[in-house]
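To start, the structure itself, in structure tokens.
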Protein chains: 2
Amino acid sequence: MSVIYGRVALIGLGLIASSMFWAMKRGGLAGEVTGYARSAETRETAREIGLCDRVCDSAAEAVDGADLVVLCVPVGAMGAVAQEIAPALKPGATVSDVGSVKKAVISAVAPHLPQGVHFVPAHPMAGTEHSGPTSGFAELFDNKYCLIVPVTGSDRAAVNRLESLWHALGSKTDEMDADHHDLVCAVTSHAPHLIAYTMVGVADDIRRVTDSEVIKYSAAGFRDFTRIAASDPTMWRDVFLSNKDATLEILGRFTEELFALQKAIRDGDGDHLHEYFTRTRAIRKGIIDAGQDTDAPDFGRGKV
Amino acid sequence: MSVIYGRVALIGLGLIASSMFWAMKRGGLAGEVTGYARSAETRETAREIGLCDRVCDSAAEAVDGADLVVLCVPVGAMGAVAQEIAPALKPGATVSDVGSVKKAVISAVAPHLPQGVHFVPAHPMAGTEHSGPTSGFAELFDNKYCLIVPVTGSDRAAVNRLESLWHALGSKTDEMDADHHDLVCAVTSHAPHLIAYTMVGVADDIRRVTDSEVIKYSAAGFRDFTRIAASDPTMWRDVFLSNKDATLEILGRFTEELFALQKAIRDGDGDHLHEYFTRTRAIRKGIIDAGQDTDAPDFGRGKV
């Protein structure tokens with residue numbers, strides 16, 4: 001047990017917040033954890049399952065006296081929440097967040113925070129396709145990266161303390177600026193999600209192939225796309241709207257490349273295809289060697 | 001133990017053939033299984049690990065006296081193999097295959113087969129990202145679908161017997177014609193694979209984001225794409241070249257839809273995005289309800 005923050009407030013009680021809570025309990029990292037969610041139903045569920053030491057009925061009440069406040073709401077809701085809690089923040093407290101986009105969150109949150117409160121944006125690169133207060137688990141962040149995105153004037157001691165929390169939650173951390181963060185995430189997360197959503201939508205639309213066929217024969221590749229296309233719609237709507245430029249840039253590159261491969265198929269250029277498909281294997285190997293995925297066939301899926 | 005074919009010959013000894021062998025052994029479904037692979041190294045490996053009761057040094061020797069011959073080579077090699085084995089086929093034997101494309105395979109194989117030999121094309125909708133003789137396992141086909149694509153004049157008894165083999169290998173079966181098969185697979189398998197290959201290739205190309213970053217932060221979505229983009233390059237080159245029309249049709253639909261979503265992002269049309277992302281969740285639910293994937297978060301990946 002090594003307490004890093006005496007009191008932590010989690011605002012928003014979905015997959016990330018609930019996983020943070022269970023991981024903090026696992027490690028004894030916080031004296032008391034308070035929580036707040038806008039929906040009364042979510043607060044009720046949290047109370048039933050023991051999510052948070054104390055579930056509050058307002059965000060201001062939850063942050064009162066907190067040493068660390070973590071905003072775990074969809075990116076589009078961050079600004080309003082920051083405005084709401086600002087008057088209740090304890091001097092010297094740290095405010096962080098777990099949003100998938102950083103430039104937009106910093107623009108929305110920073111102006112509301114009073115002098116003497118430290119703002120240290122962060123983004124844990126981990127998740128599952130499930131959402132809501134019951135979806136969290138203590139191991140979510142183990143061995144995954146959490147990106148720390150200090151802003152101009154971020155207090156070094158506050159940054160270090162937040163990083164030590166993320167290490168204790170199981171993560172590795174890297175620091176980068178908000179511009180680079182948003183580009184990296186467009187590549188590793190945002191563009192892949194949009195592409196998966198698109199492919200699943202197309203399959204649902206093709207009238208000559210029934211949904212029942214798509215579902216029955218999905219083990220041939222398609223079902224991998226459906227996992228990330230089952231992620232929370234509100235969260236992802238906000239991500240795309242708030243990381244517009246980087247996402248559109250990567251999608252533009254993707255489309256160019258897809259057209260080149262389509263042309264190779266049309267022209268019967270087997271060498272081009274073979275070379276391309278061989279190169280992409282190396283990235284997979286890198287991910288496995290880095291311990292970021294399992295080498296078990298089919299992700300080690302249980303027999304289904 | 002219920003023997004369905006007295007002797008089975010597997011031509012090509014990769015993931016599918018080796019899984020068929022282990023599943024036939026599990027169920028006692030064949031009296032003797034012979035095998036042949038073009039590469040001497042593969043034949044040597046097969047002998048070492050006990051893959052096939054007898055590994056032969058020519059395809060003709062392997063099919064000699066076989067009641068069922070299954071072509072398990074890349075789609076582009078099917079025609080040449082059919083020509084090679086044709087003179088050695090036993091009258092009354094059934095020839096099948098496991099190719100991911102059916103129209104092109106039927107065109108390439110059927111003309112070589114002698115009168116009195118039954119041709120029953122098939123395609124098990126199962127696989128992993130691994131390949132080669134050591135990648136097979138008996139459970140690969142359990143609860144997955146195998147599509148049976150009878151050709152004009154396929155003998156009903158021969159079709160039924162092959163279907164009973166696939167049932168005994170653990171699969172469910174559906175019958176359809178070759179045109180429909182190739183379209184269904186373009187949706188559920190071929191387009192998703194090309195899209196995954198493309199996204200992984202793009203990530204590897206973006207110079208402002210290093211490969212190391214892509215690898216470290218891949219848990220945010222990207223790594224799912226890398227699994228299918230690690231599949232066998234030769235197999236997939238042949239699939240795209242031989243199912244050109246259907247694949248290009250589906251990719252065309254995909255691009256249209258992607259452009260519409262890009263426009264929604266650019267225009268800030270959150271309602272359109274939210275509605276789209278909500279709809280795609282239903283397909284995932286259908287796949288899980290049909291027992292075609294696990295509902296465990298993150299595919300139930302082991303801790304990595």
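By convention in this document, chain letters (A, B, ...) are assigned in the order of the sequence lines, proteins followed by strands, and residues within each chain are numbered from 1.
- Looking at A/Tyr217, the atoms closer than 4.5 Å to chain B (heavy atoms on both sides) sit in the backbone and in the side chain alike.
- Classification of the A/Tyr197-B/Phe277 ring pair by plane angle, with boundaries at 30° and 60°, yields parallel.
- For A/Arg266, the side-chain contact (heavy atoms from CB on, under 4.5 Å) partners two or more places apart in sequence, or in a different chain, are B/Leu248.
- At a 4.5 Å heavy-atom cutoff, the contact between B/Leu147 and chain A is made by side-chain atoms alone.
- In this structure, chain B has a heavy atom under 4.5 Å from the backbone of A/Ser231, while its side chain stays farther away.
- Using a 4.5 Å cut-off between heavy atoms, A/Asp232 contacts chain B through both its backbone and its side chain.
- Within residues 280-287 of chain A, the residues having any heavy atom closer than 4.5 Å to a heavy atom of chain B are A/Thr280, A/Arg281, A/Ile283, A/Arg284, A/Gly286, A/Ile287, listed by residue number.
- Minimum heavy-atom separation, B/Gln262 to A/Gly252: NE2-N, 4.3 Å.
- Looking at B/Arg279, the atoms closer than 4.5 Å to chain A (heavy atoms on both sides) all sit in the side chain, from C-beta outward.
- The shortest heavy-atom contact between A/Leu251 and A/Ala191 is CD2-CB, 4.0 Å.
- Residue contact with chain B, scored on non-hydrogen atoms closer than 4.5 Å, involves the backbone and the side chain of A/Phe240 alike.
- Contacts between B/Asp238 and chain A at a heavy-atom distance below 4.5 Å are absent for every atom of the residue.
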Test salt bridge (charged side-chain N to carboxylate O under 4.0 Å, His left out) applied to A/Lys102 and A/Asp179, step by step: CA-CA 8 Å; A/Lys102 290 272 89 68; A/Asp179 267 321; over 6 Å; no
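- Using a 4.0 Å cut-off between charged nitrogen and carboxylate oxygen, B/Lys103 and B/Asp182 do not count as a salt-bridge pair.
- A/Asp211 touches chain B through its side chain: at least one heavy atom from C-beta onward sits under 4.5 Å away, while N, CA, C and O do not.
- For A/Thr255, the part sitting under 4.5 Å from any heavy atom of chain B is the side chain, from C-beta outward, and nothing else.
- Taking the six-membered ring for Trp and thresholds of 30 and 60 degrees, B/Phe254 and A/Phe254 have ring planes more than 60 degrees apart, a perpendicular arrangement.
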From CA spacing to verdict: side chain to side chain contact (heavy atoms under 4.5 Å, CB included), A/Ile265, B/Leu194: CA-CA 10 Å; A/Ile265 292 173; B/Leu194 194 76; 3.8 Å; yes
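- In this structure the side chain of A/Lys216 never reaches within 4.5 angstrom of the side chain of B/Met125, judged on heavy atoms.
- The heavy-atom pair separating B/Ile148 from B/Ala122 by the smallest distance is CD1-CB, 4.0 Å.
- Here the closest non-hydrogen pair linking B/Ile228 and A/Phe225 is CD1-CE1, 3.6 Å.
- Within the 4.5 angstrom heavy-atom criterion, no atom of A/Leu140 approaches chain B.
- For B/His190, no part lies under 4.5 angstrom from a heavy atom of chain A.
- Counting heavy-atom pairs closer than 4.5 Å to chain A, the top residue among B/Val184, B/Thr210, B/Ile288 is B/Val184.
- Contacts between A/Asp269 and chain B at a heavy-atom distance below 4.5 Å involve the backbone alone (N, CA, C, O).
- The aromatic rings of A/His193 and A/Trp236 sit parallel to each other, their planes meeting at less than 30°, with 60° as the upper class boundary.
- For B/Ala126 against B/Ile16, the heavy-atom pair with the smallest separation is O-CD1, 3.7 Å.
- Of the two parts of B/Ala196, the backbone and the side chain both hold a non-hydrogen atom closer than 4.5 Å to a non-hydrogen atom of chain A.
- Contacts between A/His130 and chain B at a heavy-atom distance below 4.5 Å involve the side chain alone, from C-beta outward.
- No donor-acceptor contact under 3.5 angstrom links the side chains of B/Ser218 and A/Gln292, judged on distance only.
- Heavy-atom distances place no part of A/His123 under 4.5 Å from chain B, backbone and side chain included.
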